[in-house]
Amino acid sequence: MAPAQLPRAFFERPVEEVAKDLVGAVLVHDGTSGLIVETESYHQSEAACHAHVGPTARNRVLFGPAGHVYVYLSYGIHSLVNLVTGPDGEAAAVLIRALEPLEGIELMRSRRGVDRLDELCSGPGKLTEALGIGLEFNGVELSDGPIGVFARDSEPEIVVSKRVGITKAVELPWRFSASGSRFVSRPRPPA
DNA sequence: CAGTGGATGCTCT
DNA sequence: GAGCATCCACTGT
């Protein structure tokens with residue numbers, strides 16, 4: 001039986017739960033897809049979240065309804081993709097950090113200019129390049145939109161660790177990875 | 001394998 | 001003007 005696209009209600013839950021449950025789901029865009037093997041959650045209540053300072057021009061999508069896509073430019077170069085979550089009134093999102101490539105692998109290789117399978121999507125900036133997800137997709141809705149997320153068919157074993165690459169609220173254990181996956185962004189997660 | 005530094009552009013102070 | 005939710009190339013073990 002083919003997996004179903006995740007409904008809005010899936011994203012209208014506390015962001016840590018959504019982030020954990022997204023590991024093993026499938027992200028699809030424009031001829032390519034990958035199994036989500038690493039996520040992080042961000043919530044307005046902690047300083048690492050873009051929404052922490054209140055609504056701005058950049059982060060307004062975070063304050064909108066769950067089930068939409070938040071894309072922003074990191075270090076002037078990389079697009080990073082997030083899925084907006086939480087009950088209405090809470091700004092939160094799940095950062096997709098790594099995928100195991102599934103479909104359209106040759107297309108991913110040409111978009112990335114890289115050959116190795118475990119280098120195609122093993123990082124938040126890499127996977128957006130591999131799937132062709134750019135800033136123009138900021139704010140799109142998941143259901144009926146160009147980007148899809150499909151339910152996992154079994155629950156993977158998940159490793160919880162600290163988030164990576166941030167300087168604020170570094171102690172929170174809000175990173176979720178598929179245990180033993182060789183496609184995660186960093187082989188040795190911080191404790 | 002670990003550590004360092006440059007690229008690059010937008011957002012917010 | 002500072003600071004990035006990153007990646008890659010390069011250095012030295």
Side-chain angles (χ1 to χ4, degrees), chain A residues 11 14-20 22-23 27 32 34 36-64 66 68-86 90-101 108-139 147 149 158-178 181-191:
Chain A
F11 298 96
V15 65
E16 309 100 285
E17 292 180 25
V18 179
K20 176 166 55 74
L22 278 171
V23 176
L27 181 67
T32 48
I36 298 174
V37 295
E38 181 181 345
T39 64
E40 285 177 358
S41 56
Y42 288 84
H43 186 273
Q44 63 178 335
S45 61
E46 44 88 13
C49 182
H50 288 175
H52 188 63
V53 296
T56 66
R58 175 177 66 163
N59 69 20
R60 64 187 164 73
V61 174
L62 292 175
F63 290 86
H68 288 240
V69 176
Y70 171 53
V71 187
Y72 75 96
L73 189 65
S74 180
Y75 291 92
I77 304 174
H78 307 286
S79 298
L80 270 54
V81 65
N82 299 252
L83 308 179
V84 177
T85 74
E90 288 185 33
V94 176
L95 170 68
I96 309 299
R97 284 198 54 92
L99 306 175
E100 175 178 340
M108 291 189 193
R109 285 196 168 109
S110 78
R111 282 173 177 158
R112 291 268 298 124
V114 169
D115 239 29
R116 285 178 56 102
L117 198 57
D118 57 7
E119 290 292 335
L120 291 180
C121 299
S122 55
K126 298 178 188 177
L127 71 91
T128 54
E129 184 174 42
L131 267 63
I133 298 175
L135 295 178
E136 66 271 28
F137 296 99
N138 185 41
I147 299 171
V149 183
I158 292 177
V159 176
V160 180
S161 60
K162 294 178 186 175
R163 294 177 295 182
V164 173
I166 54 173
T167 58
K168 292 174 273 191
V170 295
E171 296 305 315
L172 290 174
W174 278 7
R175 181 182 186 222
F176 306 91
S177 356
S181 173
R182 78 187 232 250
F183 299 97
V184 299
S185 67
R186 304 186 189 191
R188 296 185 173 278

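Note on naming: letters A, B, ... go to the chains in the order of the sequence lines (proteins, then strands), and numbering restarts at 1 for each one.
Among the duplex regions that DNA chain C forms, those built from at least three successive Watson-Crick or G-U pairs under 3.5 Å are B:1-7 with C:6-12, B:9-12 with C:1-4, ordered by first number.
Residues Y72(A) and R58(A) form a side-chain contact, since some pair of their non-hydrogen atoms from C-beta on lies under 4.5 Å apart. Contact annotation: the side chain of L95(A) never approaches that of T39(A) to less than 4.5 Å [non-hydrogen atoms, C-beta and beyond]. In this structure, the side chains of Q44(A) and L62(A) stay at 4.5 Å or more apart for every pair of heavy atoms. Considering only heavy atoms from C-beta on, L83(A) comes within 4.5 Å of V69(A) through its side chain. R175(A) has its side chain within reach of S185(A): a pair of non-hydrogen atoms, C-beta onward, lies under 4.5 Å apart.
The distance from atom CG of L135(A) to atom C1' of dT11(B) is 13 Å, rounded to the nearest whole Å. Atom-to-atom, NZ of K168(A) to P of dC12(B) comes out at 12 Å; the value is rounded to the nearest Å.
If you check every strand for non-hydrogen atoms under 4.0 Å, G125(A) touches sugar and phosphate atoms only. Note on N59(A): nothing from the nucleic acid sits closer than 4.0 angstrom, heavy atoms only. Looking at heavy-atom distances under 4.0 Å, I77(A) makes contact with a base.
Across the interface with DNA chain C, nearest-nucleotide mapping of R58(A) and E129(A) shows R58(A) to be the residue nearer the 5′ end.
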Kindly list each side-chain donor-acceptor pair under 3.5 angstrom involving residues 126-135 of chain A, sequence neighbours excluded, with atom names and distances?
{"residue": "K126(A)", "atom": "NZ", "partner": "E119(A)", "partner atom": "OE1", "Å": "3.1"}
{"residue": "K126(A)", "atom": "NZ", "partner": "S122(A)", "partner atom": "OG", "Å": "3.2"}
{"residue": "T128(A)", "atom": "OG1", "partner": "S79(A)", "partner atom": "O", "Å": "2.6"}
{"residue": "T128(A)", "atom": "OG1", "partner": "G125(A)", "partner atom": "O", "Å": "3.0"}
{"residue": "E129(A)", "atom": "OE1", "partner": "R112(A)", "partner atom": "NH1", "Å": "2.9"}

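The neighbour count for R182(A) CZ, taken as heavy atoms of other residues, nucleotides or ligands under 6.0 Å away, is above 12.
Between chain A and DNA chain C, the heavy-atom contact criterion of under 4.0 Å yields a 5' to 3' nucleotide range of dC4(C) to dC8(C).
Residues A19(A) and S41(A) share a closest heavy-atom pair of CB-CB, 3.9 Å.
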